[in-house]
Amino acid sequence: MAADLAAKPYVKAPPIVDPGYNWTGFYAGLNGGYSWGRTNASASIGSPFPAGSIATVKQNVDGGLGGLQVGYNWQVDRKWVVGVEADIQGTGERGRSNDVLGTVRIGRFGLTASSATGTDFPWFATFRGRGGFLVDPSLLLYATGGLAVGEVKFFNTPTLTLQLFDGNTPIGAPISATGTTVSESNTRVGWTLGAGLEKKFAPNWSAKLEYLYVDLGTKTYFSGTGNDIDVRFRDHILRAGFNYQFTAGPVVAKY
């Protein structure tokens, strides 16, 4: 009698759905943090100082920052995610210093050149690629790098101080003359490289912690004025933020 029973129809098993997260899609978010920048400036100082004299100024340019980012991720498979990201930041980074640039003796007179200088870094933006490894379905460790653009403002107020000496003993009070403050702002292009981690705490929401190194190279300020100054700028950035992913859903396993 069993031979007369009809065969059971074949039913395709439903796809296996990974209970994890899908990283593919557009996202946007906000971030904030702090940065530790560095300015190295150098200039030739002429007569009456010795020929070839180079004055150097080094400044820490630190401050808080905040901004927003947008990007797109592709989840290649269960372990790898690649993507692109752009961000723009406003910063409170600034550096100030008073530096002695050079001294010279002319007979009984001593002449000292000094300068009050400052660097401001009001904003920057980056355009980067990202690639990372999923430690688990919700935690991404990634490296990132690409183009950096930012505004670097540099200003300088020179001062010459004349002091009369009797041998090596100063006589009387020094006489100082302060020049006009000169200032120049340039939008500069460089590169950035960094790393971070991002943790999903809901299908559409994630939090991240990121470090970036930004190098905007060297630019000549006040070119052609006789007071040319070469200014190099670089920055270390640590920031935290969150992202909202506009499209998200379960990862469907393929076999």
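This structure is a prediction, so every number in the text was calculated from the model and none was measured.
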Treating D120 as the side-chain partner and P122 as the backbone partner, does any N or O pair qualify as donor plus acceptor under 3.5 Å? no
Between E184 and N186, does a side-chain hydrogen bond (donor to acceptor under 3.5 Å, both in side chains) hold up when you go through it step by step? CA-CA 7 Å; E184 185 174 330; N186 286 293; 3.1 Å; yes
Rounded to the nearest 0.5 Å, what separates atom OG in S44 from atom CG in L101? 12.0 Å
What I'd like to find out is whether the side chain of V57 reaches to under 4.5 Å of the side chain of T39, using heavy atoms alone. no
Supply the atom-to-atom distance T181 OG1 to N156 CG, rounded to the nearest 0.5 angstrom. 8.0 Å
With a 4.5 Å cut-off on side-chain heavy atoms, are L197 and L140 touching? no
Looking only at the aromatic ring of each residue, does the gap between the centers of F26 and F246 stay below 6.0 angstrom? no
Do the rings of W80 and F133 sit parallel, tilted or perpendicular, given the 30° and 60° boundaries? perpendicular
Would a single hydrophobic cluster contain both V82 and L141, if residues Ile, Leu, Val, Met, Phe, Trp and Tyr are joined by side-chain heavy-atom contacts under 4.5 Å? yes
Give, for atom CD1 of I171 and atom CZ of F109, the distance between the pair rounded to the nearest 0.5 Å. 9.5 Å
How long is the span from the OG atom in S35 to the CZ atom in F121, to the nearest 0.5 Å? 7.5 Å
Would you say the side chain of T117 lies within less than 4.5 Å of the side chain of F155, judging by non-hydrogen atoms? no
Are there more than 12 heavy atoms of other residues, nucleotides or ligands under 6.0 Å from atom CG of N168? no
Applying salt bridge (charged side-chain N to carboxylate O under 4.0 Å, His left out), run through D87 and R128 and close with a yes or a no. CA-CA 9 Å; D87 67 89; R128 295 170 285 109; 3.0 Å; yes
Taking all heavy atoms of T144 and all of G129, pick out the closest pair and write down the distance. OG1-O, 2.8 Å
Should we say atom CZ of R38 is surrounded by more than 12 heavy atoms from elsewhere, each under 6.0 Å from it? yes
Of all the heavy-atom pairs spanning G83 and N73, show the shortest one and how long it is. CA-OD1, 4.0 Å
Determine whether T187 and W123 make a side-chain contact, defined as any pair of heavy atoms from C-beta on separated by less than 4.5 Å. yes
Nearest heavy-atom neighbours spanning A116 and N98: CB-OD1, 3.2 Å
F165 ring centre to R108 NZ or CZ under 6.0 Å, with the angle to the axis within 45°? no
What about Y72 and F127, same hydrophobic cluster or not, with Ile/Leu/Val/Met/Phe/Trp/Tyr joined at side-chain heavy-atom distances under 4.5 Å? no
Which residue is it: K200, Q69, E85? I am looking for the one with a side-chain hydrogen bond (donor to acceptor under 3.5 Å, both in side chains) to N243. Q69
Determine, stepwise, if the pair L111 / T103 fulfils side chain to side chain contact (heavy atoms under 4.5 Å, CB included). CA-CA 6 Å; L111 184 65; T103 59; over 6 Å; no
Do F222 and I54 share a hydrophobic cluster, counting only Ile, Leu, Val, Met, Phe, Trp and Tyr and linking them when any side-chain heavy atoms are less than 4.5 Å apart? no
Close side-chain approach of T91 and F124, heavy atoms under 4.5 Å: yes
State whether the number of non-hydrogen atoms from other residues, nucleotides or ligands found under 6.0 Å of K79 atom NZ is greater than 12. yes
Would a 4.5 Å heavy-atom cut-off, applied to side chains only, mark Y213 and T192 as touching? no
Looking at Q75 and D77, would you say the former's side chain and the latter's main chain have a donor-acceptor pair under 3.5 Å? yes
Apply side chain to side chain contact (heavy atoms under 4.5 Å, CB included) to the pair V231 and K219, showing each step before the final yes or no. CA-CA 5 Å; V231 179; K219 175 78 174 179; 5.6 Å; no
Check this for me: does any side-chain nitrogen of one of R130 and E198 sit under 4.0 Å from a carboxylate oxygen of the other? yes
Over all heavy atoms of both residues, which pair between Y27 and Q245 is shortest? Give the atoms and the distance, please. CB-CA, 3.9 Å
Yes or no on side chain to side chain contact (heavy atoms under 4.5 Å, CB included) for D235 and E93, after CA distance, side-chain angles and deciding distance? CA-CA 10 Å; D235 205 9; E93 289 186 69; 2.8 Å; yes
Heavy-atom pair of closest approach, residues R188 and R232: NH2-CA, 4.0 Å
What is the minimum heavy-atom distance between L216 and G190, and which atoms define it? CD2-N, 3.6 Å
Indicate, with yes or no, if the rings of Y244 and F242 have centres closer together than 6.0 Å. no
What residue pairs, at least two apart or across chains, pass salt bridge (charged side-chain N to carboxylate O under 4.0 Å, His left out) with a residue in residues 136-153? none
Side-chain heavy atoms nearer than 4.5 Å, only ILVMFWY residues, links allowed to pass through others: does that put Y211 and F233 together? no
So V152 and T119, do their side chains get closer than 4.5 Å, heavy atoms only? yes
Here the gap from W74 atom CH2 to T24 atom OG1, rounded to the nearest 0.5 Å, amounts to 9.0 Å
Can I229 and T220 be said to form a side chain to side chain contact (heavy atoms under 4.5 Å, CB included), step by step? CA-CA 6 Å; I229 300 176; T220 301; over 6 Å; no
Are V149 and L68 joined in one hydrophobic group, where the rule is that I, L, V, M, F, W and Y side chains link up if heavy atoms are under 4.5 Å apart? no
Quick one: does V100's side chain get under 4.5 Å of T112's, heavy atoms only? yes
Nearest-0.5 Å distance that lies between atom CG in L65 and atom CD in Q89: 5.5 Å
